[in-house]
Amino acid sequence: MLKSIVRELCPPVFLRVARAFRKTAPAAPSARVGFFGDYGSFEEALEDCGADYQSDGILDITRRNTEKIRASDQSDIPPVLAPFLSSFFLAISDVGRDTVSVIDYGGALGAHYFHVRRLLPEKYKLRWLVVDLPRTARIGREAFGSEELSFADELDPNVEADIVLASCVFQVLPSPHDTIKRLLSIDASHFIFPLIPLTEMEDDRLTVEYVSPTVARMSIPHWFFSRRGIEKSLSSCKQISRWRHAEYTNPLDGKPCEYFGYHLVPLHGAAMDGSSGR
């Protein structure tokens, strides 16, 4: 059932890494940069993206930035990661074992693993699986794979995990609500979904994002979600926490759209209320 999920992954999943680390000059005044349109289908949005839909340059940038994260001995936590890390360590505490298995859906080259590993006490062992596009998974295995960190371009339909992570990925998928429901069907104890763009609109809105040419020549379909719709898709699980990424917004129609994260547990056996208690 879940084997098909990875087929929905789109190349721009790792754009967030490139934007976070690359220092660039201002875009040319004539460049069209930002989020435009209100499309009726993902296919229609793809047509407007044209040849700029894919960019190998972004993967090269992501590789260099992930290498920097892996090599860093700094304990500073980027503000955008702080809520995720809080939820992740709460989940580890609740799991109650020294070996914890993680599925990182759309996790690019494993940046989240390196952030967690640097802060996690050595007694804890991780089995961290990143599921991403075939070319991303191949580079991940070659450049970053280890005893703890592995990469795949498809997911075993019988997979089990302690924690399922999907960060900043739903907004670039063709069928995001279907993917959310499929991920929530995994036999896992915790689900952590940071960086989801939410609006108060009645319906989801599909736009095309035109990326600054100083980052990459790329345009990609990008969803802005109705809060009501997202929370309906998440309703099969219990919310442990929800947070707003105060430092992370994107402009939509001249107004900032805010991004939110969710930490959920299955309804059966949901014993946590913001603290470990299972």
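By convention here, the first residue in the shown sequence is residue 1. Only this structure's heavy atoms are used, side chains among them; waters, hydrogens and symmetry mates stay out.
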Asks: With side chains defined as the heavy atoms from C-beta onward, is the minimum distance between Leu183 and Phe170 less than 4.5 Å?
Replies: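 Heavy-atom side-chain distance check passes, below 4.5 Å.
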Asks: Sequence neighbours excluded and cut-off under 3.5 Å, please list the side-chain donor-acceptor pairs for residues 121-131, or say none.
Replies:
{"from": "Lys125", "atom 1": "NZ", "to": "Glu122", "atom 2": "O", "distance (Å)": "3.4"}
{"from": "Trp128", "atom 1": "NE1", "to": "Asp104", "atom 2": "OD2", "distance (Å)": "3.2"}

Asks: Just checking, Arg227 and Phe225: is the charged tip under 6.0 Å from the six-membered ring centre and within 45° of the axis?
Replies: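 Judged by the rule (NZ or CZ under 6.0 Å from the ring centre, within 45° of its axis), Arg227 is not positioned above Phe225.
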Asks: Under a 4.5 Å cut-off applied to non-hydrogen side-chain atoms, are Val164 and His190 in contact?
Replies: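 No. Closest side-chain heavy atoms not under 4.5 Å.
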Asks: Answer yes or no: is there a side-chain heavy-atom contact under 4.5 Å between Ser87 and Ser241?
Replies: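 With C-beta onward as the side chain, the pair touches.
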Asks: If every non-hydrogen atom of Gly106 is compared with every non-hydrogen atom of Asp132, which pair is closest and at what distance?
Replies: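 Between these two residues, the closest heavy atoms are C-OD2, 3.2 Å.
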Asks: With heavy-atom distances below 4.5 Å as the criterion, would you say the side chains of Val80 and Leu195 are in contact?
Replies: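 Of all side-chain heavy-atom pairs linking Leu195 with Val80, at least one is under 4.5 Å.
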Asks: Do NZ/NE/NH1/NH2 and the carboxylate oxygens of Asp162 and Arg97 come within less than 4.0 Å?
Replies: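 Answer for the salt bridge query: yes.
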Asks: Is the closest side-chain heavy-atom distance between Asp94 and Val265 below 4.5 Å?
Replies: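 Sidechains of Val265 and Asp94: no contact.
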Asks: Side chains of Phe224 and Leu198: closer than 4.5 Å at any heavy-atom pair?
Replies: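 Contact flag for Phe224/Leu198 side chains = no.
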Asks: Strictly by modelled atom types, are Asp48 and Tyr39 linked by a side-chain donor-acceptor pair under 3.5 Å?
Replies: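 Yes, because at least one side-chain N or O of Asp48 sits under 3.5 Å from a partner of the opposite role on Tyr39.
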Asks: Taking the six-membered ring of Phe260, is the NZ or CZ of Arg244 close enough (under 6.0 Å from the centre) and on axis enough (within 45°)?
Replies: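 No, a cation-pi geometry is absent between Arg244 and Phe260.
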Asks: Would you say that Ile69 contacts Ser72 through its side chain, given a criterion of any heavy-atom pair below 4.5 Å between the two side chains?
Replies: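 SC-SC contact between Ile69 and Ser72 ruled out.
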Asks: For the pair Thr207 (side chain) and His222 (backbone), establish whether a donor and an acceptor sit closer than 3.5 Å, ignoring hydrogens and angles.
Replies: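 Flag set: sc Thr207 to bb His222 pair under 3.5 Å.
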Asks: For His177 and Asp204: C-alpha separation, side-chain torsions, deciding distance, then whether side-chain hydrogen bond (donor to acceptor under 3.5 Å, both in side chains) applies.
Replies: CA-CA 10 Å; His177 291 280; Asp204 298 338; 2.6 Å; yes
Asks: Are the side chains of Phe114 and Thr66 in touch, meaning some heavy atoms are under 4.5 Å apart?
Replies: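 They are in contact (side-chain heavy atoms under 4.5 Å apart), so the answer is yes.
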Asks: Using the rule given for ring pair (Phe, Tyr, Trp, His ring centres under 6.0 Å), can you reason through Phe191 versus His263, listing the C-alpha separation, both sets of side-chain angles and the distance that settles it, and then say yes or no?
Replies: CA-CA 6 Å; Phe191 302 88; His263 180 181; 9.3 Å; no
Asks: Using a cut-off of 6.0 Å, state whether more than 12 heavy atoms not belonging to Glu147 lie near its atom CD.
Replies: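 It does not: Glu147 CD has 12 such atoms or fewer within range.
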Asks: With distance as the sole criterion, is a donor-acceptor pair present between the side chains of Tyr262 and Gln239 under 3.5 Å?
Replies: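 Not at all, the side chains of Tyr262 and Gln239 share no donor-acceptor pair under 3.5 Å.
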